[in-house]
J.: 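Got a structure for you, questions after.
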Amino acid sequence: MPKFSDAIGLILFIFLSFGCDHANSLNNLAENVDSHLSPIVRGNLYKPPVFASWQWQLQGEVNTAYDVDLYDLDLFDSSTTLIKQLQEKDKKVICYFSAGSYEQWRPDAAQFTARDLGNSLDGWAEEQWLDIRSDSVRLIIKSRLNLAVEKGCDGVEPDNMDGYLNNSGFDLSFKDQLAFNRWVANQAHLRNLAVGLKNDLEQINDLVAYYDFAVNEQCFKYSECNFLTPFINNSKPVLNTEYEQKYINNSLARNNLCVQSLNRNFSTLILPLDLDDEFRYSCLKNGVRQTK
């Protein structure tokens with residue numbers, strides 16, 4: 001007898017193959033997927049390799065000239081034309097959106113209800129934590145995942161997946177976050193999208209089977225890189241970024257960082273905090289600055 005996840009995959013294939021309304025079909029299927037089911041795997045799902053080379057740019061005109069395996073770009077700000085342009089160059093495109101926070105400038109911001117909005121994020125006053133237990137929040141997340149499908153994204157990077165560790169304004173528990181993060185991964189996989197776990201280091205052992213790669217910020221700065229080894233042990237890449245000025249100005253510090261990163265099989269970039277392509281150093285390129 002086929003597994004339940006295989007059966008769901010067959011149903012989804014039929015819907016997509018015969019040109020049904022994607023958004024309605026996907027949402028109807030997704031209603032039956034419980035957050036605690038085993039990971040849903042698709043045969044043709046994009047699976048980035050360990051040591052995948054990448055570029056992460058969320059602001060400014062996207063520089064498409066980098067020789068990398070994948071680009072991580074903003075879901076809303078990236079056009080379908082740009083995504084196709086990159087894919088025609090044999091690059092995969094991961095589409096970024098925030099799953100755990102409200103951003104007032106997004107085109108779907110009016111869909112959030114006041115009761116779903118919590119405290120501002122530390123350092124990001126224009127963003128507010130979301131009540132990830134809310135059905136209305138989850139409905140918006142589904143719509144964002146559907147948008148990723150419509151634009152042709154190969155995968156997604158949902159951000160702010162650790163509200164339970166922050167002063168969110170909600171009484172979020174470890175179990176609440178785990179259920180939500182599993183749900184997001186399953187919803188992405190239902191749509192044949194690869195999905196990356198953003199930070200949320202304390203839940204990696206419970207989530208590594210659900211996610212296809214990790215996106216991390218500054219694990220070397222905070223001595224947290226050991227948390228990420230389950231991804232490497234499961235042949236899934238760790239896409240890491242460091243922002244400290246010393247890695248830009250001091251070639252010795254940069255080389256030391258890159259040696260540590262390569263020894264861990266991580267794909268580490270040194271980037272500006274604004275992620276605007278002001279500069280870029282790649283440890284996979286021996287720490288050499290990549291010019292525009």
Side-chain angles (χ1 to χ4, degrees), residues 48-59 63 66-73 94 96 98 100-101 121-124 155 157-166 177 181 194-208 210-291:
V50 172
F51 273 140
S53 58
W54 67 304
Q55 166 63 350
W56 196 15
Q57 184 177 347
L58 300 184
Q59 297 191 70
N63 180 355
Y66 292 116
D67 181 17
V68 295
D69 298 318
L70 66 92
Y71 271 74
D72 191 338
L73 306 176
I94 303 300
Y96 166 98
S98 183
S101 74
L121 277 65
D122 185 21
W124 306 94
E157 182 214 332
D159 198 5
N160 298 307
M161 303 290 277
D162 55 0
Y164 82 106
L165 289 175
N166 291 272
Q177 191 72 60
N181 291 5
V195 59
L197 180 65
K198 181 67 167 290
N199 298 324
D200 193 23
L201 299 175
E202 294 187 12
Q203 294 189 330
I204 281 179
N205 287 329
D206 297 297
L207 291 172
V208 64
Y210 288 78
Y211 283 80
D212 306 298
F213 57 97
V215 178
N216 180 262
E217 294 173 292
Q218 303 195 99
C219 78
F220 287 99
K221 176 181 178 179
Y222 296 112
S223 301
E224 295 173 336
C225 295
N226 286 340
F227 286 105
L228 292 153
T229 55
F231 275 94
I232 299 299
N233 291 342
N234 283 273
S235 300
K236 299 177 180 183
V238 172
L239 310 179
N240 178 58
T241 303
E242 301 290 330
Y243 302 123
E244 286 196 285
Q245 190 69 29
K246 67 179 180 180
Y247 298 130
I248 303 165
N249 299 333
N250 187 326
S251 60
L252 183 61
R254 183 169 63 249
N255 290 339
N256 182 55
L257 167 71
C258 288
V259 167
Q260 294 181 65
S261 175
L262 293 172
N263 286 341
R264 289 182 176 272
N265 294 333
F266 287 4
S267 301
T268 295
L269 296 176
I270 301 164
L271 297 175
L273 183 60
D274 289 337
L275 299 176
D276 59 0
D277 194 45
E278 180 184 353
F279 60 83
R280 177 183 187 270
Y281 293 86
S282 170
C283 283
L284 298 183
K285 297 289 186 179
N286 299 316
V288 175
R289 177 168 179 153
Q290 310 296 298
T291 56

J.: To the nearest 0.5 Å, how far apart are CG in N233 and CG in L228?
T.: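 The CG atom of N233 sits 11.0 Å away from the CG atom of L228.
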J.: Taking T268 for the side chain and C283 for the main chain, is one N or O donor matched with an acceptor at less than 3.5 Å?
T.: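 No; zero donor-acceptor contacts below 3.5 Å.
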J.: Donor-acceptor check, side chain of N250 to backbone of K246, threshold 3.5 angstrom: yes or no?
T.: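 Side chain of N250 to backbone of K246: no pair is present.
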J.: Identify the two heavy atoms, one from P49 and one from P237, that lie closest to each other, and give their separation to 0.1 Å.
T.: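 Between these two residues, the closest heavy atoms are O-CB, 3.2 Å.
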J.: Is any side-chain heavy atom of L275 less than 4.5 Å from a side-chain heavy atom of Y243?
T.: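 A side-chain contact exists here, since the closest heavy-atom pair is under 4.5 Å.
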J.: Could you grab the distance from atom CG of L271 to atom CH2 of W56, nearest 0.5 Å is fine?
T.: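 One gets 8.0 Å once the value is rounded to the nearest 0.5 Å.
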J.: Less than 4.5 Å apart, any side-chain heavy atom of F220 and any of S261?
T.: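 Yes; the side chains approach each other to less than 4.5 Å.
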J.: So does Q59 get a backbone contact from the side chain of Q57, meaning a donor-acceptor N/O pair under 3.5 Å?
T.: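 The answer is yes, because a donor-acceptor pair under 3.5 Å joins these two groups.
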J.: Show the nearest heavy-atom pair for residues L284 and F266, with the distance to one decimal.
T.: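 Residues L284 and F266, closest heavy atoms: CD2-O, 4.1 Å.
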J.: Take N199 and D162 through the side-chain hydrogen bond (donor to acceptor under 3.5 Å, both in side chains) test and state the conclusion after the steps.
T.: CA-CA 8 Å; N199 298 324; D162 55 0; 5.2 Å; no
J.: If I take atom CD from residue E217 and atom SG from residue C219, how far apart are they, to the nearest 0.5 angstrom?
T.: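 Going from CD on E217 over to SG on C219, the span is 11.0 Å.
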J.: Side chains of I248 and I270: closer than 4.5 Å at any heavy-atom pair?
T.: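 Answer yes - side chains close enough.
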J.: Any donor-acceptor pair under 3.5 Å linking the side chain of K236 with the backbone of V208?
T.: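 A pair under 3.5 Å: yes.
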J.: Can any side-chain N or O of Q177 pair as donor or acceptor with the backbone N or O of Y164 at less than 3.5 Å?
T.: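 Present.
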J.: Nearest 0.5 Å please: distance from the CD atom of E244 over to the CG atom of L257.
T.: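 Between E244 CD and L257 CG, I get 9.5 Å after rounding to 0.5 Å.
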J.: Looking at D122, I want to see if its CG is surrounded by more than 12 non-hydrogen atoms of other residues, nucleotides or ligands under 6.0 Å.
T.: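 No, CG of D122 has 12 or fewer neighbouring heavy atoms, counting only those of other groups under 6.0 Å.
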J.: Nearest heavy-atom pair of P272 and D276: which atoms, and what distance?
T.: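 Minimum heavy-atom contact is CG-OD1, 3.3 Å.
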J.: Applying salt bridge (charged side-chain N to carboxylate O under 4.0 Å, His left out), can you list everything that pairs with E242, at least two apart in sequence or on another chain?
T.: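 With sequence neighbours excluded, E242 shows a salt bridge (charged side-chain N to carboxylate O under 4.0 Å, His left out) to no residue whatsoever.
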J.: Tell me, do F227 and N216 make a side-chain contact under 4.5 Å, heavy atoms counted?
T.: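 They are not in side-chain contact.
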J.: Given F231 and L197, is the side-chain contact (heavy atoms from CB on, under 4.5 Å) satisfied, shown in steps?
T.: CA-CA 10 Å; F231 275 94; L197 180 65; 4.0 Å; yes
J.: Out of curiosity, S251 OG to N256 CG, how far, rounded to the nearest 0.5 Å?
T.: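 One gets 11.5 Å once the value is rounded to the nearest 0.5 Å.
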J.: Below 4.5 Å, heavy atoms only, C-beta onward: do Y211 and D200 meet side chain to side chain?
T.: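 No. Closest side-chain heavy atoms not under 4.5 Å.
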J.: Under the criterion side-chain contact (heavy atoms from CB on, under 4.5 Å), I'd like the reasoning laid out for V50 against I232: C-alpha separation, chi angles, the key distance, then a yes or no.
T.: CA-CA 7 Å; V50 172; I232 299 299; 4.2 Å; yes
J.: Given side chains that start at C-beta, do those of I94 and W54 come closer than 4.5 Å, heavy atoms only?
T.: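 Answer no - side chains too far apart.
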J.: Taking all non-hydrogen atoms of both residues into account, name the closest pair between A52 and S267 and its distance.
T.: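 Shortest heavy-atom separation between A52 and S267 comes out as O-OG, 2.7 Å.
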J.: Going by heavy atoms in the side chains, are D277 and Q55 under 4.5 Å from each other?
T.: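 Heavy-atom side-chain distance check passes, below 4.5 Å.
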J.: With a 4.5 Å limit on heavy-atom distance, are the side chains of E202 and L165 in contact?
T.: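 The answer is yes; the side chains approach within 4.5 Å.
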J.: Do Y210 and N181 meet the criterion of a side-chain donor-acceptor pair at a distance under 3.5 Å?
T.: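 The answer is no; no qualifying pair exists.
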J.: How would you list, by chain and number, every residue that makes a salt bridge (charged side-chain N to carboxylate O under 4.0 Å, His left out) with D69, sequence neighbours excluded?
T.: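 D69 satisfies salt bridge (charged side-chain N to carboxylate O under 4.0 Å, His left out) with no residue once adjacent residues are dropped.
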J.: Give me the atom names and distance for the closest heavy-atom approach of F213 to P48.
T.: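 It is CD2-CG, 3.7 Å.
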J.: Starting at CD1 of I204, measure out to CD of E224 and round the result to the nearest 0.5 Å.
T.: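 It comes to 9.5 Å.
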